[in-house]
Amino acid sequence: TRVRPSSKRCAVIGGSGFLGRHLVEKLLERGYSVAVFDIRQSYELPGVTFYQGDLCDKEALRPALKDVPLVFHCASPAPASDDRALFQRVNVQGTCTVIQACTELGVQKLVLTSSASVVYEGADIKNGTEDIPYTAKPMDYYTETKIEQEKLVLQACDKEGGLLTVAIRPHGIFGPRDPQLVPILVDTARRGKMKFIIGDGTNLVDFTFVENVVHGHILAAEHLRPESPLCGKPYHITNDEPIRF
Ligand code: NAD
């Protein structure tokens, strides 16, 4: 059966960001029309309507989410800012506002970009499943608020005709236009500041190619239905084996 054009509409909150823009580009390729909501506009593309505003402002969000059955939420202040009040306002209160706006406007599905750090306790995790509990000692304010944010979104899942939700948990994301991970790594190495090892050199870290992260988001969105096991669940996402360095 062919999908009606009206159901191929979606909104990407944080669509001007690194992951958000890759997501928007793939959605366009798959025939969606996309509303981008972000505090800044970083590009223009045919098929994209841009709405500038702060996600903590429900009235600003409304026009972007109106008549949209599917919403992706991948906006966040940069982890490096370490600004507790900002993380709390945007990731926690702002996410409540996003959920309220989605519910009031009759949005059917909300896909959250969470983070694998929500289960990180300070020791390596290999092949970690989604049964691992949230960490009791988040490594920073960013992670603390990503945990709260994820709980809010997953608890909002209502299979009885309400909003359906799912969360994707990537760890490090790399790929074209990556503003932080690889550029910062290269810059630090160039300045000769990578000549020490934390631990014994066998620590694990996981990086996922941005297009795989995007693929995971779209698969989750398209398989999210009231009867599907995805409802209200988080999913770890990676390429394959973690990289050892
Ligand atoms: P990014 O900084 O490139 O994009 C985030 C976007 O959110 C930006 O365009 C920013 O303007 C927007 N934004 C911030 N505050 C906002 C607000 N109040 N209202 C509206 N828009 C706002 O970051 P990214 O790397 O693309 O990350 C996207 C998501 O993925 C985030 O939720 C982040 O927590 C998660 N994540 C990223 C990584 C990574 O390695 N990049 C890893 C795990 C999880």
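Counting starts at 1 for both ligands and their atoms, following the listed order. Throughout, numbering of the chain's residues begins at 1 and tracks the sequence.
Comparing Gly15, Ala60, Cys74 by heavy-atom distance to atom 27 (O) of ligand 1, the nearest is Cys74. Heavy-atom proximity to atom 36 (N) of ligand 1, evaluated over Phe18, Tyr142, Phe207, is greatest for Tyr142.
With hydrogens and angles ignored, the 3.5 Å screen pairs a side-chain donor or acceptor of Gln52 with a backbone N or O of Ile39. In this structure, the side chain of Thr143 does not engage the main chain of Pro138 through any donor-acceptor pair within 3.5 Å. With hydrogens and angles ignored, the 3.5 Å screen pairs no side-chain donor or acceptor of Lys159 with any backbone N or O of Cys231. For Thr208 (side chain) and Val213 (main-chain N/O), no donor-acceptor pair under 3.5 Å exists by modelled atom type. Judged by distance alone, the side chain of His171 and the main-chain N or O of Asp206 form a donor-acceptor pair under 3.5 Å. The backbone N or O of Gly128 sits less than 3.5 Å from a side-chain atom of His236, completing a donor-acceptor pair.
Contacts between Ser117 and ligand 1 below 4.0 angstrom, taking non-hydrogen atoms only, are absent altogether. Counting heavy atoms under 4.0 Å from ligand 1, residue Val90 touches it through the side chain alone. At a heavy-atom distance under 4.0 Å, only backbone atoms of His171 (N, CA, C or O) approach ligand 1.
A salt bridge links Glu29 to Lys26: one of the charged nitrogens lies within less than 4.0 Å of a carboxylate oxygen. Residues Arg21 and Glu25 are paired through a salt bridge, judged by an N-O separation under 4.0 Å between the basic side chain and the carboxylate. Electrostatic pairing of Glu104 and Arg62 counts as a salt bridge here, judged by a charged N lying under 4.0 Å from a carboxylate O.
Counting non-hydrogen atoms of neighbouring residues, nucleotides and ligands closer than 6.0 angstrom, the CZ atom of Phe18 exceeds 12 such neighbours. A 6.0 Å sphere centred on CD of Glu227 holds more than 12 heavy atoms belonging to other residues, nucleotides or ligands.
Taking the side chain as every heavy atom from C-beta outward, Thr113 and Phe72 never approach each other to under 4.5 Å.
Here's the thing with Pro179: none of its N/O atoms is less than 3.5 angstrom from an N/O atom of ligand 1. Backbone and side-chain nitrogen or oxygen atoms of Arg89 are examined, and none is located within less than 3.5 angstrom of a nitrogen or oxygen of ligand 1. For ligand 1, none of its N or O atoms has an N or O atom of Pro77 under 3.5 Å away. At least one N or O atom of Ile173, backbone or side chain, sits closer than 3.5 Å to an N or O atom of ligand 1.
For Arg169, the heavy-atom gap to ligand 1 stays at 4.0 angstrom or more. Under a 4.0 angstrom heavy-atom cut-off, Pro170 registers as being in contact with ligand 1. Residue contacts with ligand 1 include Gly172, since one of its heavy atoms falls under 4.0 Å from the ligand.
Protein heavy atom closest to atom 2 (O) of ligand 1, with residue, atom name and distance, is Ser76 O, 4.3 Å. If you check which protein heavy atom lies closest to atom 15 (N) of ligand 1, you get Ile39 CD1, 3.6 Å. The nearest protein atom to atom 18 (N) of ligand 1, hydrogens excluded, is given as Asp54 OD1, 3.0 Å; this is a heavy-atom distance. Residue, atom and distance of the protein heavy atom nearest to atom 32 (O) of ligand 1 are Lys146 NZ, 2.8 Å. For atom 4 (O) of ligand 1, the nearest protein heavy atom (residue, atom name, distance) is Gly17 CA, 3.3 Å. Nearest protein neighbour of atom 44 (C) of ligand 1, counting heavy atoms only, is Ser114 O, 3.3 Å. Among protein heavy atoms, atom 11 (O) of ligand 1 sits closest to Asp38 OD1, 2.6 Å. Of all protein heavy atoms, the one closest to atom 35 (C) of ligand 1 is Thr113 CG2, 3.7 Å.
Listed by atom number, the atoms of ligand 1 under 4.0 Å from Gly53 heavy atoms are 19 (N), 20 (C). Remark: ligand 1 atoms within the under-4.0 Å shell around heavy atoms of Arg40 are 8 (C), 9 (O), 10 (C), 11 (O).
Note that atom 23 (O) of ligand 1 has no protein non-hydrogen atoms nearby, at separations under 4.0 angstrom.
Using cut-offs of 30° and 60° on the angle between ring planes, the pair Phe207 and Phe174 is perpendicular.
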Test log, rule side-chain contact (heavy atoms from CB on, under 4.5 Å), inputs Asp140 and Phe87: CA-CA 10 Å; Asp140 49 24; Phe87 288 135; over 6 Å; no
